[in-house]
Amino acid sequence: MDTHRDAHVAAVLSVMGAVLAADEFPATAAGYRDLLKRARKLGAVRRAGVEGTGSYGASMSRYLLTRGIHVFDVNRMDQADRRRRGKSDPLDAQNAARAVLSGRARARAKAGDGPVQIARMYKLTKASAVKARTQSINQLKAVLVTADPALREELAGLGNAELFRTCARFTDVSSLEEVGEESVLQATRITLVLLAHRIGQLSEQIRDVDARLARLVDCHAPQLLEVVGIGPDTAVALLIAVGDNPER
């Protein structure tokens, strides 16, 4: 199958490599059902090669796996071949099927429907929150570098936690906005308030995701936490690394 955001193109081949059918289906639940129904009218469907099982083909792969079909991840056609032969979705779909028939495609698609996939989702959320919080912290400190000397001295010597709490407790933003021209000091204090609140919100999100990851590990892989030196973060990293291949 050649997969895209809105539609997939599937080619059905016989065990001898003859093309039995090729068609386009919408990337929807109804489209998946229609695709498999038509394919099964041509014979028993046991294996499928899908391009992009970790992106556009993820949902299609999960659907086929739940129907007892072995799904293999197929690499997209080499760019040099694509330029030489031209872009053709049906041809890409046939190449995916031939890669499975010939044994070139050996990587099994991950189920993506269990605790490992949940861990991936939470990890993604945490990583983006950590990145955004780090950016906000750097911005807050950059604002202090050019701030009014009196304000800078007021905040000097504070550790990160106390600095953020102090900035967040500055006079309410709305009360700082007076009619008339706004001063640089007012703008600086408003900026510090907003950044401090943003840092607090992101920190809360990170704590929430950490708690969810800890519960996930405790529920599905508590044995990992019994190993000396392995905490929830490391356990989650191991779960994701192993993925749906426990034999690894």
Side-chain angles (χ1 to χ4, degrees), residues 1-14 17 19-129 131 209 216 236-237 239-246 248:
M1 267 165 265
D2 181 43
T3 60
H4 301 276
R5 186 188 65 181
D6 300 318
H8 303 329
V9 176
V12 181
L13 272 62
S14 70
V19 179
L20 303 179
D23 206 348
E24 181 177 288
F25 299 82
T28 62
Y32 300 158
R33 289 193 298 269
D34 193 24
L35 185 156
L36 186 56
K37 182 179 179 180
R38 292 196 202 179
R40 281 178 166 166
K41 286 183 178 179
L42 300 171
V45 180
R46 297 188 177 87
R47 295 179 293 169
V50 179
E51 289 186 351
T53 59
S55 55
Y56 291 142
S59 295
M60 182 76 246
S61 298
R62 286 196 295 270
Y63 177 80
L64 293 176
L65 286 169
T66 59
R67 268 60 182 178
I69 298 172
H70 298 297
V71 180
F72 295 84
D73 186 29
V74 179
N75 293 326
R76 294 192 180 277
M77 186 189 300
D78 179 80
Q79 292 299 318
D81 287 343
R82 186 180 291 269
R83 286 193 297 270
R84 184 174 63 253
R85 301 168 65 175
K87 170 63 176 149
S88 169
D89 292 341
L91 182 59
D92 288 347
Q94 292 176 34
N95 287 335
R98 295 189 192 285
V100 175
L101 279 177
S102 66
R104 287 186 288 110
R106 299 180 180 179
R108 293 290 187 95
K110 293 179 172 58
D113 60 353
V116 173
Q117 184 65 11
I118 295 173
R120 288 195 188 100
M121 293 296 99
Y122 287 155
K123 256 316 223 191
L124 174 68
T125 302
K126 179 180 176 180
S128 63
K131 182 178 179 179
V209 174
L216 185 70
V236 167
L239 280 175
I240 293 175
V242 171
D244 296 315
N245 304 297
R248 290 173 60 188

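Everything numeric in this text was worked out from a predicted model, so none of it was measured.
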Which heavy atom in [X] sits nearest to a heavy atom in [Y], and how many Å separate them?
X	Y	answer
Val236	Ala119	CG1-CB, 4.2 Å
Val74	Gly49	CG2-CA, 3.6 Å
Arg5	Ala27	O-CB, 3.6 Å
Phe25	Ala10	CE1-CB, 4.3 Å
Asp73	Gly52	OD1-N, 3.9 Å

Heavy-atom check, side chain of [X] versus side chain of [Y], under 4.5 Å:
X	Y	result
Arg47	Leu101	yes
Val19	Arg98	yes
Val50	Thr3	yes
Leu64	Met1	yes

Could you pull out all residues at least two apart from Lys123 that satisfy side-chain hydrogen bond (donor to acceptor under 3.5 Å, both in side chains)? none
Spacing of [X] atom [atom1] and [Y] atom [atom2] [to the nearest 0.5 Å]:
X	Y	atom1	atom2	answer
Thr28	Met60	OG1	CE	10.0 Å
Leu239	Gln117	CG	CD	12.5 Å
His8	Leu35	NE2	CG	8.5 Å
Gln94	Asp92	CD	CG	9.5 Å

Can Leu42 and Arg38 be said to form a side chain to side chain contact (heavy atoms under 4.5 Å, CB included), step by step? CA-CA 7 Å; Leu42 300 171; Arg38 292 196 202 179; over 6 Å; no
Parallel, tilted or perpendicular: ring planes of Tyr63 versus Tyr32, cut at 30 and 60 degrees: tilted
With distance as the sole test, does Arg40 use its side chain to make a donor-acceptor pair with the main-chain N or O of Val45 at under 3.5 Å? no
Is it true that His4 and Asp6 share a donor-acceptor pair across their side chains at a distance under 3.5 Å? no
